[in-house]
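To find a chain, count down the sequence lines: A is the first, B the second, and so on, and within it residues start at 1.
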Amino acid sequence: MSDVSLLLRRTGFGTTGAEIEAATRRGYEATVDALVHPGADPGATATPPPDLSGEPARPPAPDDKDARRAYARQLRSRSAALTLWWLDRMVRVRHPLVERLTFTWHGHWATSIQKVRSPAMMLRQNQTLRSLGRGDFRELARAMVRDPALLVWLDGQKNKKGKPNENLARELMELFTLGVGHYSETDVREAARALTGWRVDRTHATAAPLARHHDDGSKTVLGVTGELDDRSLVDLLTARPESAAFVAARLWSRHGSAALPPDTLRRLVAAYGPGRDVTALLRAMFLEPAFRADRSSLVASPVEYVAGVFRALDVAVPRDGRAGRALLGTLDALGQVPFRPPSVGGWPSGLAWLSTAATRERLTFAAAMARTADLDVVAGSEDRPGAAAYLLGVDAWTDRTLAALRDAAADPVRLVTLALVSPEYLAR
Amino acid sequence: MVDTLTRRRFLLASGVTGAAALAAGAGTVSWREIAGRAEADPLPADANVLVLVTLYGGNDGLGTVVPYADRAYHDARPELAYGPDEVLALDGQLGLNPAMKGFKSLWDADRLAIVRGVGYPKPDHSHFRSMDIWQSGSPDHPADTGWIGRWLDATQPDPLRVVSVGATLPPLAVGAKAAGVALPLTSFDAPAGPVGAGVRQLAAADRADPPSQAMAARATGALLSATATFGPPLDAASGSSDDDDDDLKTRGASAGGQGGLARQLEIVARCVRAGVPTRVYAVSLGGFDTHADEKGTQSRLLGELDSAVSGFLAGMDSDPRGSKVVVAIYSEFGRRVAANASQGTDHGTAGPLLVAGHPVRGGFYGDQPSLTSLDAGDLKVTTDFRSVYGTLLEQVLDTEAGRVLDGTRPTLDFL
């Protein structure tokens, strides 16, 4: 696979032959610059988020069965609208890296609607990840410790002076900023005190400080003593050298490859720098010799895959109804539904998506999409396997796949179905 | 290295197997294959069967086996504590959570062993690290194999001897040479017709494949090794549960895990009755990360555990092979002794481990940890988890513990 084609797959949702040609003409470095500095995006403008205002303040009482059923129904339909909106956005944007990165951060600050139970708060978090995800990591982290959905997810709104709740403090250090092994149990307990005193308003999807529940006494975290609060705690954590290495390794594992050579890590950390610049880190990553020279060692995650197929085949994402439910069912069967990570640890990366059940589900989805799409460009070509490669952004088929596609060439739907489940199309 | 550690953690978090498992040939098994093996090579009638139940999230041991007569318990968590009139008393000191009526009957019938204060040295409070330690059985150094996977390696590396119910294989079932198989809860067909023929071609290796493509081709091949319908023959309606409709049950969900335990155990029951030659089954229940509003959430989950396990064992009673089944229930850690401000508890250390079934000698094993002599607010471990594993290996799986676990630890008398 060419370096340009690998770059486009690792920064977007699949790619196409036309995109690869344009990027090749422009040159690798100019393509990287265009990726990390995207201009206005008409596709984003055309997909405004759904209106999710008017959230009920709390679930109805346990004994009011009818009200609870109605509440559950409403919650399901609003969260479906939210999830399908985001998929539609992923499919229609011109500069997919913004959404890819937002999805990466969603898996990093992994929060699930299963416990949060508020589509409005999940949308708000999604917008924070999008608007702050490409700048100073500290700004993102500062916003996230006050994010209403994250506070509910990790019981931050229940963390009060006197008897702190450690859930958010522990995951903030272990999973969000430092990585396991870079702090002590005492640091967790002290950090939890710094995070006390936040309240979440479900109706307005907001969070606000509550002075009487905040512990303003002196705390010591990682050797630093002071009247730490959420902001100074985040500043302290994100300034640690281990934090830079942790963030760099996390982004590499999602957009780079399976292995991270030590000198690459050093250069990524240098690019991230004292300003914790995520865009500079991404640019350095994409220009890394280890990134460009790498043979594909990852496969597309289900969301990347599904959004990529919609993009390549130019099919509209169903936003509601039976087709919308079927699409959510596909993502569920593949093991990755946006806004529903399996735990605060997020989704797996690497080759874990190649389970037998997922392989079967991809085939079902691919066949349905091939039947729906307009395949005239393939049907009208004298080289149908070649036309499918161009359509799906595959540089070249292996002899194995080419033989399978040639055998299916009489039937464009079957040919495209097979192309969509080929090892070449899955590679990242 | 950072990468290995984070990857392992992610895999664990979502119960997905990694490259090690794929390399070891881990795959999915079809009901047809399982049933075929039961006919050709049935489980000997005198073979014991181990069913491991993993509770994800850190189940609160003090809310499970309740030290109701201890004043320190009521002082440490006044709003969470159960009184003497609420618990299902086992003796003058300890009682079961009120939701555990089935376990109480098992106790009364002398078929429930409660191993107290179980944990490992230098407790880790991270869900992911701690579950890694429990599933690898290796607290001293990170291991990429699970303890049941090593049992497979050490005995007969036939993957069908270890079956995990669910779409993915937990790390405990992955060895260096062999791995167990996942039996999915949903059923699906192998691709047929012209598309099936094309898929068969795509499963071949190609010299030009980079590592990811080679693995994708292998995964395609694994799909085709199934000749017929995948998944167990349960109708869709049977025991299906929509956990999301119960907001009280999802409050401890941030540490992951699956629901529907009764349905998983129903599949195990069918396998055992059919004589499938599987010696270890792995099932799981998630949602125990009760940092807030613990009482209602935990009692709902323990109620689900109770009805699923006691229902399963009651069904096993009528089967000759069922009388050889031992169920062991554990979680990655217990929780802090004192409640936090949100009527919940934070990550802790030791907890009780439950072992139930016909072969079990009921009663308490191991010392109850003190509620007053604590280690930074946490219970001190009184029983090393490898003592329990060793007992299960020797008494249920007929294998010397030293072949699977580092060092030897005293076994217990619950079997």
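Interatomic distance, OH of A/Y183 versus OG of B/S126, reported as 6.0 Å (0.5 Å rounding). Considering CG of A/L175 and NE2 of B/H127, their distance stands at 9.0 Å, rounded to 0.5 Å. Rounded to the nearest 0.5 Å, atoms NZ (A/K163) and CZ (B/R336) are 13.0 Å apart.
The pair A/K115-B/D293 does not meet the salt-bridge criterion, since no charged nitrogen lies less than 4.0 angstrom from a carboxylate oxygen. Checked for salt-bridge contact, A/E174 and B/R129 miss the test: no charged N lies under 4.0 Å from a carboxylate O.
Side chains of B/Q213 and A/R295 form no contact here, defined as non-hydrogen atoms less than 4.5 Å apart. Using a 4.5 Å cut-off on side-chain heavy atoms (C-beta onward), B/T220 and A/V421 make no contact. Side chains of B/F128 and A/S343 form a contact here, defined as non-hydrogen atoms less than 4.5 Å apart. Residues A/D407 and B/Q201 form a side-chain contact, since some pair of their non-hydrogen atoms from C-beta on lies under 4.5 Å apart.
In terms of heavy-atom pairs under 4.5 Å with chain B, the best-connected choice from A/T398, A/I113, A/V344, A/T111 is A/T398.
With sequence neighbours excluded, no residue satisfies salt bridge (Lys or Arg N to Asp or Glu O under 4.0 Å) with B/D346. Under the salt bridge (Lys or Arg N to Asp or Glu O under 4.0 Å) criterion, A/E424 pairs with A/R400, sequence neighbours left out.
The shortest heavy-atom contact between A/A427 and B/S212 is CB-OG, 3.5 Å. Across B/P211 and A/S296, no two heavy atoms sit closer than the pair CD-O, 3.4 Å. Closest non-hydrogen pair, A/K160 versus B/A341, comes out as CB-CB, 3.7 Å. In plain terms, the two heavy atoms of B/A216 and A/L354 that are nearest each other are N-CD1, 3.7 Å. Minimum interatomic distance between B/N340 and A/P164 (heavy atoms only, all atoms of both residues): CB-O, 3.3 Å. Pairing each heavy atom of B/L202 with each of A/S422, the nearest pair is CD1-CA, 4.1 Å.
Side chains of B/H291 and A/N167: a donor-acceptor N/O pair is present below 3.5 angstrom, by distance only. Of the N and O atoms on the side chains of A/R170 and B/H125, not one donor lies less than 3.5 Å from an acceptor on the other residue.
Only the side chain of A/E171 comes within contact range of chain B, judged by heavy atoms closer than 4.5 Å. With a 4.5 angstrom heavy-atom cutoff, A/D399 touches chain B via backbone and side-chain atoms both. Heavy atoms closer than 4.5 Å to chain B are found nowhere in A/A408, neither backbone nor side chain.
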